[in-house]
Amino acid sequence: MDLSKNYIPAVVEEKWYKHWLSKNYFKSTPDGRPPFTVVIPPPNVTGVLHMGHTLNETVQDILVRKARMSGFNACWVPGSDHASIATEAKVVEMLKREKNIDKNNLSREEFLKYAFEWKEKYGGIIYNQIERLGCSVDWERVSFTMDDHYYKAVIKVFVDLYNKGLIYRGARMINWDPAAKTALSDEEVEYKDVTGKLYYVKYEVAESGSNAHYIVIATQRPETIMGDTAVCANPNDERYTLLRGKKVIVPLINKEVPVIFDEYVDKDFGTGILKITPAHDINDFNIGLKYNLPVVDTLNEDGTMSEAAQIYIGEDRFVARKKIVEGLKTKGLLVKEEEYTTRLGYSQRTNVVAEPKISTQWFVKMKELAQPALKEVTSGNVKIHPGEKFNATYKYWLENVKDWCISRQLWWGQQIPAWYDEEGNVYVAETEEQASQLATGNGQLTRDEDVLDTWFSSWLWPIEVFNGITEPNNKDINYYYPTSVLVTGQDIIFFWVARMIMAGMEFMKEKPFNDVYFTGMVRDKQGRKMSKQLGNSPDLLHLIHEYGADAVRFGIMISSPAGNDLLFDENSLEQGKYFNNKLWNALKLVKMWAEKLSGDNNALSVENNSYNNSFAIDWFENRLNEVQTEVDNLMCQFRLSEALKTIYSLIWDDFCSWYLEWIKPGFEEQIAEPVYLKTVSFFDSLLQLLHPFMPFITEEIYHLLEERNDDLIVKQFSSAGKTDATILEQGNRLKEIITAIRDARNKHNIRQKETIKLHIETIDQNQYRAIENILAKQINAESIGFSSQPENTFITIVAGKEKMYIEANIEIDINTQKEKLIKDLNYLKGFLNSIDKKLSNDRFVQNAKADVIELERKKKLDAQAKILAIEQTLSAL
RNA sequence: GGGAGCAUAGCUCAGUUGGUUUAGAGCAUCUGCCUUACAAGCAGAGGGUCCGCGGUUCGAACCCGUGUGCUCCCA
């Protein structure tokens with residue numbers, strides 16, 4: 001077989017993905033095995049996968065593949081959500097640009113037809129990326145939040161909650177997105193610190209005659225002046241007591257409004273007196289309710305001034321602000337302007353300043369739904385990872401949750417199933433027919449124009465991807481629900497995670513998942529969150545092209561501890577690429593051996609001392625068992641990056657750098673068949689351990705290593721064997737000696753090609769029998785002997801407690817030896833000192849556990865022996 | 001303003017109930033090697049007041065308090 005010099009991912013990846021698909025390995029149907037269910041957090045159809053998604057999908061694939069190889073019926077459901085606001089905006093823009101069509105000239109049905117076409121065209125992009133990354137999702141279960149059954153589920157749930165009194169319609173202060181011309185929920189508004197201006201405006205006190213009195217009011221938003229319906233001061237503020245019962249005149253529109261008094265006003269802010277604009281500020285709105293003030297909405301839905309504003313009608317709010325400031329200046333009503341830092345709410349979707357606005361919308365009552373959802377997490381029934389970081393956040397939000405505004409003034413989404421008669425009575429039902437049966441009023445019924453928030457559909461995701469709402473108790477939902485683990489970004493803990501738990505508890509009476517694993521945010525090297533706007537997120541397909549999918553997966557996982565942000569650096573992808581090559585080259589080496597096997601069946605017996613293969617194999621078998629147990633533990637705790645590091649080091653260091661070198665036959669020599677077979681089986685185990693993280697290359701090598709009838713992707717893990725501490729210890733000791741001698745060779749400039757003779761001073765020659773040949777090979781020694789009488793041309797080193805002498809054909813430098821010895825000596829003396837301090841402390845001896853003391857005593861003896869060896873050596877020099 | 005998290009090698013991070021921890025890994029750096037799997041590599045090495053201060057303890061990177069600096073969430 002001809003193997004290329006280096007590993008070439010592209011061909012391999014395509015081949016195996018197709019193969020896995022053709023074998024239906026990703027497909028899941030209920031059976032007798034325990035299920036392991038994961039639902040993909042639906043990326044929205046407008047986008048491409050960014051690095052955050054990549055991390056997310058990789059984590060899920062690792063968990064799913066590991067479960068599939070561990071006796072579970074693994075089911076991973078892919079899908080996407082319709083992203084109401086973002087998608088509608090894109091479709092509107094596309095219609096304008098490509099077809100010169102104005103949305104306003106289209107009927108709802110026509111528009112939806114275009115929207116679905118658009119979704120078909122662009123929705124596939126993310127699926128392609130998921131595939132290229134190697135994700136083992138069940139493609140027959142692809143779900144979309146606007147699928148027919150899903151649509152019905154959302155409608156059904158709406159009606160259900162309405163009938164339970166958990167959904168209501170009413171006029172409330174909401175966040176308005178003037179660009180998308182729709183209401184938003186509180187969570188869809190992002191607050192940013194901005195430098196604004198505080199304008200000090202004069203309001204004339206009414207009926208103050210020719211000696212006009214003025215009060216000065218500070219405002220950030222002069223364009224709302226026309227919506228003022230009162231001004232308000234603190235009742236304890238003596239500056240304003242004279243104004244009791246008076247009215248003031250709103251500038252520019254000359255409207256008289258009352259002066260009211262309320263303790264809510266902070267005397268020290270601005271001038272201590274506020275304008276009250278109930279239509280455009282939540283606090284003002286509350287004051288308005290308390291004092292029964294009229295509400296004057298001065299804004300149109302697109303953020304321009306409304307008729308009610310009386311002036312600058314139709315002008316944009318920010319243009320109007322400038323003009324109003326000018327107007328106030330000309331009239332001498334502007335006292336001063338001040339720089340002022342404030343927080344402004346921006347629409348998460350369109351990035352424009354969101355306007356607080358009184359509006360009639362549909363809301364979900366959250367208090368009742370929040371209770372069980374909170375309990376599931378505080379009781380530990382749903383476990384959040386990492387918990388210490390997010391439990392408190394979760395709890396705080398649920399304890400302080402406000403009602404959820406779910407109506408959106410859009411077409412792309414589930415249309416609210418509410419019908420109004422001519423008198424304005426509302427009837428909520430799944431169909432118009434049912435609504436008309438409910439109708440008691442007069443006239444024709446007209447349906448509510450609005451659609452529902454996308455999150456009002458995606459909160460049903462773990463249920464309705466299995467048709468759990470539309471066909472309760474079907475075979476799938478009964479088998480797969482509750483799902484095993486939800487993997488998602490911490491930024492949607494409220495949008496999605498909390499609401500999914502609510503929905504699960506409300507509609508299934510059961511949590512939607514056992515565990516939640518929050519990944520961190522992916523940031524660029526400078527620590528900035530990756531975003532489309534900054535353009536700092538690399539293109540996934542480009543990265544896969546350059547490094548290979550396995551390397552991308554490796555790179556993003558190796559630096560990604562649970563819940564911690566990760567600074568994305570292509571360096572780590574490079575590390576992944578190198579790792580691919582390391583595996584590839586190990587394969588080449590082993591395949592080389594396969595060409596000439598010797599039938600030496602004694603190769604593994606301890607008595608056959610010619611290669612020490614028996615020790616190498618014993619040791620590696622134990623290391624493998626040790627690591628397998630370790631990796632299992634780490635994966636249970638979702639410490640995936642540590643698990644990967646552990647496997648990486650097992651493969652690179654223990655397998656390639658040590659084990660393979662130990663059993664490597666000499667030049668032109670054959671390898672014994674039993675050793676070869678053992679080695680192949682170790683390689684298999686390593687590939688299996690690594691497979692969930694790097695699926696393509698492991699499957700490829702698994703098949704190149706030997707002819708196979710099975711595939712690695714479904715090869716079941718056997719439980720890890722026991723480990724023998726003694727043999728592991730011996731292995732470490734061997735490595736230690738090799739390293740110490742190599743170090744000495746390096747320090748004394750003994751060239752690698754040059755052989756040495758090694759003399760060991762030991763009381764127990766026997767312990768070297770099993771490793772002698774390995775040792776000789778690894779340090780390029782032509783002979784190993786035992787002697788306690790070194791000649792002074794030998795280099796003396798102390799490895800552990802034992803002295804060793806290197807006989808080489810060079811002049812030795814005593815100082816180099818001394819330096820090293822003195823350095824070690826100082827370290828050991830300090831170490832011994834710290835132990836002595838403990839042991840000479842009576843309270844330590846009294847209080848510490850027996851095994852701790854025993855350990856310290858052992859450490860002490862050990863250190864003393866080492867020190868003695870070094871001191872003897874030094875004095876002999 | 002309220003809350004949470006973080007601070008360990010030049011960089012990015014591990015360090016599980018306090019005791020083989022006078023602290024580990026990868027990258028970067030330095031030295032020597034084109035050794036028949038791998039220069040995308042091999043063999044070595046150097047590098048740390050575990051953010052400052054105080055406390056608890058026989059014993060603290062780890063627990064508590066406090067200060068400083070970053071990050072995030074909420075209003």
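In this text the structure is predicted, and so the values were computed from the model without any measurement. The sequence lines fix the lettering, A, B, ..., with proteins before strands; numbering per chain opens at 1.
- Residue N6(A) is in base contact, counting any heavy-atom pair closer than 4.0 Å across all strands shown.
- The pairing partner recorded for rC51(B) is rG67(B), the criterion being a Watson-Crick or G-U wobble arrangement whose two distances lie under 3.5 angstrom.
- Comparing rG19(B), rA37(B), rA43(B) by their nearest atom to the side chain of F844(A) picks out rG19(B).
- rC34(B) and rA43(B): their P atoms are spaced 15 Å apart (whole Å).
- Comparing the P positions of rU66(B) and rU20(B) gives a spacing of 30 Å, expressed to the nearest Å.
- At a threshold of 4.0 Å, the pair E669(A)-K664(A) does not count as salt-bridged, since none of the basic side-chain nitrogens sits closer than that to a carboxylate oxygen.
- Here, rG1(B) and rU12(B) have their P atoms 29 Å apart, quoted to the whole Å.
- Going from the C1' atom of rG48(B) to that of rU8(B) covers 8 Å, rounded to whole Å.
- Across all strands shown, rG59(B) forms no Watson-Crick or G-U wobble pair with both key distances under 3.5 Å.
- Here, rU71(B) and rG24(B) have their P atoms 32 Å apart, quoted to the whole Å.
- Of the C1' atoms belonging to rG5(B) and rA9(B), the separation is 23 Å, rounded to the nearest Å.
- Scanning atom types as modelled, no donor and acceptor separated by under 3.5 angstrom connect the side chain of Q778(A) and the base of rA43(B).
- If you take atom C1' in rG59(B) and the same atom in rU21(B), they sit 13 Å apart, rounded to whole Å.
- Distance CD1 (I558(A)) to C1' (rA25(B)): 9 Å, rounded to an integer number of Å.
- Atoms CG (D193(A)) and C1' (rC73(B)) sit 13 Å apart, rounded to a whole Å.
- No side-chain donor-acceptor contact under 3.5 Å links R343(A) to the backbone of K192(A).
- Set against rC58(B), rA37(B), rG44(B), the side chain of C656(A) has rA37(B) as its closest nucleotide.
- Residue R745(A) is out of contact with every strand shown, counting any heavy-atom pair closer than 4.0 Å.
- For the pair Q752(A) CD and rG41(B) C1', the computed distance is 12 Å after rounding to whole Å.
- Considering only side-chain atoms of W652(A), the nucleotide from rC27(B), rA37(B), rG41(B) that sits closest is rG41(B).
- If you check every strand for non-hydrogen atoms under 4.0 Å, K829(A) touches a base.
- Within the shown strands, rC33(B) is the pairing partner of rG41(B) under the Watson-Crick or G-U definition, both distances less than 3.5 Å.
- Comparing N841(A) and L589(A), the nucleotide of RNA chain B nearest to each residue sits closer to the 5' end for L589(A).
- Nearest to the side chain of Y396(A), among rA14(B), rA37(B), rC74(B), sits rC74(B).
- Set against rC27(B), rG19(B), rA37(B), the side chain of K664(A) has rA37(B) as its closest nucleotide.
- When the nucleotides rU35(B), rC27(B), rU20(B) are ranked by their closest atom to the side chain of K753(A), rU35(B) comes out on top.
- For K823(A), the listed nucleotide lying nearest its side chain is rG46(B); candidates were rG46(B), rA37(B), rC33(B).
- With both ends at atom C1', the span from rC73(B) to rG15(B) equals 28 Å, rounded to whole Å.
- With sequence neighbours left out, the salt bridge (charged side-chain N to carboxylate O under 4.0 Å, His left out) criterion links R623(A) to E626(A), D654(A).
- Salt-bridge formation is not detected for the pair R751(A)/E754(A): no Lys NZ or Arg NE/NH1/NH2 atom is positioned less than 4.0 Å from an Asp or Glu carboxylate oxygen.
- Going from atom NZ of K577(A) over to atom C1' of rA39(B) covers 14 Å, rounded to whole Å.
- Going from atom CG of L839(A) over to atom C1' of rG19(B) covers 11 Å, rounded to whole Å.
- Here E661(A) lies in heavy-atom contact (under 4.0 Å) with a base.
- Using a 4.0 Å heavy-atom criterion, one finds that K5(A) contacts the sugar-phosphate atoms exclusively.
- When rounded to the nearest whole Å, the span between CD1 of I282(A) and P of rA75(B) equals 12 Å.
- Under the 3.5 Å distance criterion, with hydrogens and angles disregarded, no donor-acceptor pair is assigned to the side chains of S840(A) and D836(A).
- Other residues, nucleotides and ligands contribute over 12 non-hydrogen atoms within 6.0 Å of the CG atom of D193(A).
- Atom pair K860(A):NZ and rG19(B):P shows a separation of 22 Å (rounding to whole Å applied).
- Judged purely by distance below 3.5 Å, without hydrogens or angles, the side chains of E188(A) and Q348(A) never pair a donor atom with an acceptor atom.
- When rounded to the nearest whole Å, the span between CG of D491(A) and C1' of rA4(B) equals 16 Å.
- Relative to the side chain of F494(A), the nucleotides rC74(B), rG19(B), rA37(B) differ in distance, and rC74(B) lies closest.
- In this structure, L689(A) and I647(A) approach most closely via the heavy-atom pair O-CD1, 3.5 Å.
- For rC38(B), the base has a donor-acceptor partner in the side chain of K582(A) [N/O atoms by modelled type, under 3.5 angstrom].
- For Y827(A), the listed nucleotide lying nearest its side chain is rA23(B); candidates were rA45(B), rA23(B), rA37(B).
- Using the Watson-Crick or G-U wobble rule with both distances under 3.5 Å, rU16(B) pairs with nothing in any strand shown.
- For the pair T739(A) and L828(A), nearest-nucleotide mapping onto RNA chain B gives the more 5' position to L828(A).
- Closest contact between the side chain of K838(A) and the listed nucleotides rG44(B), rG26(B), rG19(B) involves rG19(B).
- Partner assigned to rC11(B) is rG26(B), using Watson-Crick or G-U wobble distances below 3.5 angstrom.
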